[in-house]
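Report on the structure given below.
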Amino acid sequence: MGSAAEWSPSSWQSKPIKQVVTYDDQTAVSAALSKLSSLPPIVTPTEIIKLKSSLRDAALGKSFLLQGGDCAELFSYCADDPINAKIKLLLQMSLVLIWGSNKPIIRIGRMAGQYAKPRSSPTEIVDGKEMPSFRGDILNGFDPAHRHVDPDRLVTAYFHSATTLNYIRGQLSSGIADLHNPLDWDLGHVQDEGLQKKYSQIVSNISESLRFMRTIGADTSGQLQTVDLYTSHEGLVLEYEQSLTRRLKHPVGYQSSLSNDGRGWYNTSAHFIWIGDRTRQIDGGHVEYFRGIENPIGIKVGPSMKNDELVELLDIVNPNKEIGKVTLITRYGKDKVESMLGPHIEAVKKSGHVVVWQCDPMHGNTHSTPTGIKTRSFNSIFSELSSALKVHKEHSSFLGGMHLELTGDAVTECTGGSEGLAEEDLSLNYTTYCDPRLNEKQALELAFLVAGHYREDNAL
Ligand code: PEP
Ligand code: CO
């Protein structure tokens with residue numbers, strides 16, 4: 001294994017790699033990567049290190065991480081309505097979680113760059129014809145006519161990412177998250193009277209707290225006017241990530257564990273990137289790339305992860321055991337979480353690493369309906385989350401966050417929740433280009449349930 005000194009933004013190229021991209025036109029690839037290398041950072045070291053320091057709090061149980069957004073973000077989602085809807089939803093969910101957990105919430109969108117998708121097979125059958133699989137807008141198009149990999153899309157991805165983040169920044173600084181404004185908490189769809197009462201109570205508690213803060217003048221520091229919202233995506237297409245990896249000055253006061261000359265390698269494509277469950281091989285190119293950057297990173301942890309493999313991974317990407325550097329995003333499935341999470345928690349504890357334990361209750365709970373529609377049930381999603389909360393407690397650990405696929409739009413992709421979506425309803429508004437997402441009501445309801453769980457737990 002190479003030492004940290006031998007790392008460079010391109011050292012991953014000498015390692016085996018999964019989910020390889022084959023480009024036909026090498027000249028076009030070189031032109032795209034050289035263009036990317038000349039463009040300014042999308043995010044800055046100051047923001048990246050601020051997030052890493054907040055994640056340290058989450059690792060220590062002092063705050064909670066809410067991460068959510070599309071499975072596959074399309075370039076066409078770079079438009080005001082979908083962006084606004086997602087910002088508002090993440091804000092509302094975070095208020096509910098603050099109320100429930102009594103902790104500050106760190107918000108990260110799977111947004112402004114979630115354009116690359118790992119696929120189980122390089123080809124798929126569409127209308128009886130075999131064609132290359134859709135790999136995300138950064139590589140090819142969903143439309144059967146655009147399935148060839150087009151290197152120009154790497155540059156197009158940068159501009160959509162930058163434009164999305166520019167709009168998010170603009171909206172946040174213009175008051176979209178200003179808590180002086182009333183929020184729309186429409187709970188009309190909740191038919192169960194008990195639940196309707198419970199959720200309304202939570203909303204009135206939140207509104208009451210906000211009113212109280214305004215009355216006593218606790219908002220004069222500007223704290224109620226805006227919030228932080230960070231960006232993230234799966235770091236899958238390493239040629240893209242490499243081109244946006246820059247040697248930059250550390251923020252004042254930051255002590256890097258990777259370099260001591262006042263500068264470090266920052267991935268400037270997003271604040272946080274993660275390694276997918278399919279590309280986390282110890283000797284692989286993705287792990288090699290991730291070990292050299294200053295950003296906080298995530299690692300997806302699926303049911304095939306061995307205990308010692310997990311510790312070995314942590315030792316490689318975080319040899320100095322920096323707290324907050326790594327978020328382990330567990331996604332076992334509701335039936336496996338009970339048996340797998342405990343041993344992982346114990347193995348990590350014994351290793352001396354302190355991580356953010358985040359539950360992704362989506363990716364282990366996907367199934368197809370008899371008519372072949374990919375879906376997830378709300379109950380399975382909540383079941384994995386509740387089990388994760390319980391197992392952490394049993395092991396004197398704690399859940400540091402949740403990772404969700406969601407959208408602010410009224411889609412019908414997951415079944416269940418208070419709207420009572422059934423499998424027959426899925427075709428009403430099924431618009432995802434990859435995995436099924438929670439719609440606005442389902443996502444908010446999940447936040448209510450997790451918040452309720454914390455409240456009941458604290459009351460014991
Ligand atoms: C994803 O988060 O969309 C994904 C592909 O997840 P995983 O790597 O956990 O399968
Ligand atoms: Co997904």
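In each ligand, atom 1 is the first atom listed, and ligand 1 is the first ligand listed.
Looking only at heavy atoms of the protein, atom 8 (O) of ligand 1 is closest to Asp277 N, 2.9 Å. Among all protein heavy atoms, the one lying closest to atom 6 (O) of ligand 1 is Lys300 NZ, 2.9 Å. For atom 4 (C) of ligand 1, the nearest non-hydrogen atom of the protein is His363 NE2, 3.4 Å. Regarding atom 3 (O) of ligand 1, its nearest protein heavy-atom neighbour is Lys117 NZ, 2.7 Å. Remark: minimum distance from atom 5 (C) of ligand 1 to any protein heavy atom is reached at Pro118 CG, 3.8 Å. Residue, atom and distance of the protein heavy atom nearest to atom 10 (O) of ligand 1 are Arg331 NH2, 2.9 Å.
Under a 4.0 Å N-O distance rule, the pair Lys86/Glu73 does not qualify as a salt bridge. Ionic pairing of Lys349 and Glu346 is present here: one or more N-O contacts between side-chain nitrogen and carboxylate oxygen are shorter than 4.0 angstrom. By the 4.0 Å N-to-carboxylate-O rule, Arg278 lies too far from Glu234 to be salt-bridged with it. One finds no salt bridge joining Lys15 and Asp283 here, because no Lys/Arg side-chain nitrogen approaches an Asp/Glu carboxylate oxygen to under 4.0 Å. Ion pairing between a basic and an acidic side chain is recognised when a charged N comes within 4.0 Å of a carboxylate O; Lys103 and Asp57 show no such pairing. Taking a cutoff of 4.0 Å between a charged side-chain nitrogen and a carboxylate oxygen, Glu309 and Arg280 qualify as a salt bridge.
Considering backbone and side-chain atoms alike, Asp435 places every N or O at 3.5 Å or more from each N or O of ligand 1.
Nearest N/O/S atom of Asp435 relative to the Co ion (ligand 2): this is OD2.
Phe142 does not carry Arg135 over the face of its six-membered ring by the limits of under 6.0 Å from the centre and within 45° of the normal.
Taking a 6.0 Å sphere around NZ of Lys374, one finds it holds more than 12 heavy atoms contributed by other residues, nucleotides or ligands.
Under the 30°/60° scheme for interplanar angles, the aromatic rings of Trp7 and Tyr289 are found to be tilted.
Below 4.0 Å from some heavy atom of Cys71 lie the following atoms of ligand 1, by number and element: 3 (O). Taking a cut-off of under 4.0 Å to the non-hydrogen atoms of Gly276, the atoms of ligand 1 that pass are 8 (O). Close approach of ligand 1 to Arg110 (heavy-atom distance below 4.0 Å) involves ligand atoms 1 (C), 2 (O), 3 (O).
A heavy-atom separation below 4.0 Å is not found between Gln114 and ligand 1. For the pair Glu405 and ligand 1, a heavy-atom separation below 4.0 Å is found.
In the model, Tyr77 has no side-chain atom that pairs as donor or acceptor with a side-chain atom of Thr407 under 3.5 Å.
The Co ion (ligand 2) forms the vertex of an angle spanning NE2 of His363 and OE2 of Glu405; to the nearest 10 degrees it equals 80°.
Among the atoms of Cys71, an N, O or S atom falls under 2.8 Å of the Co ion (ligand 2).
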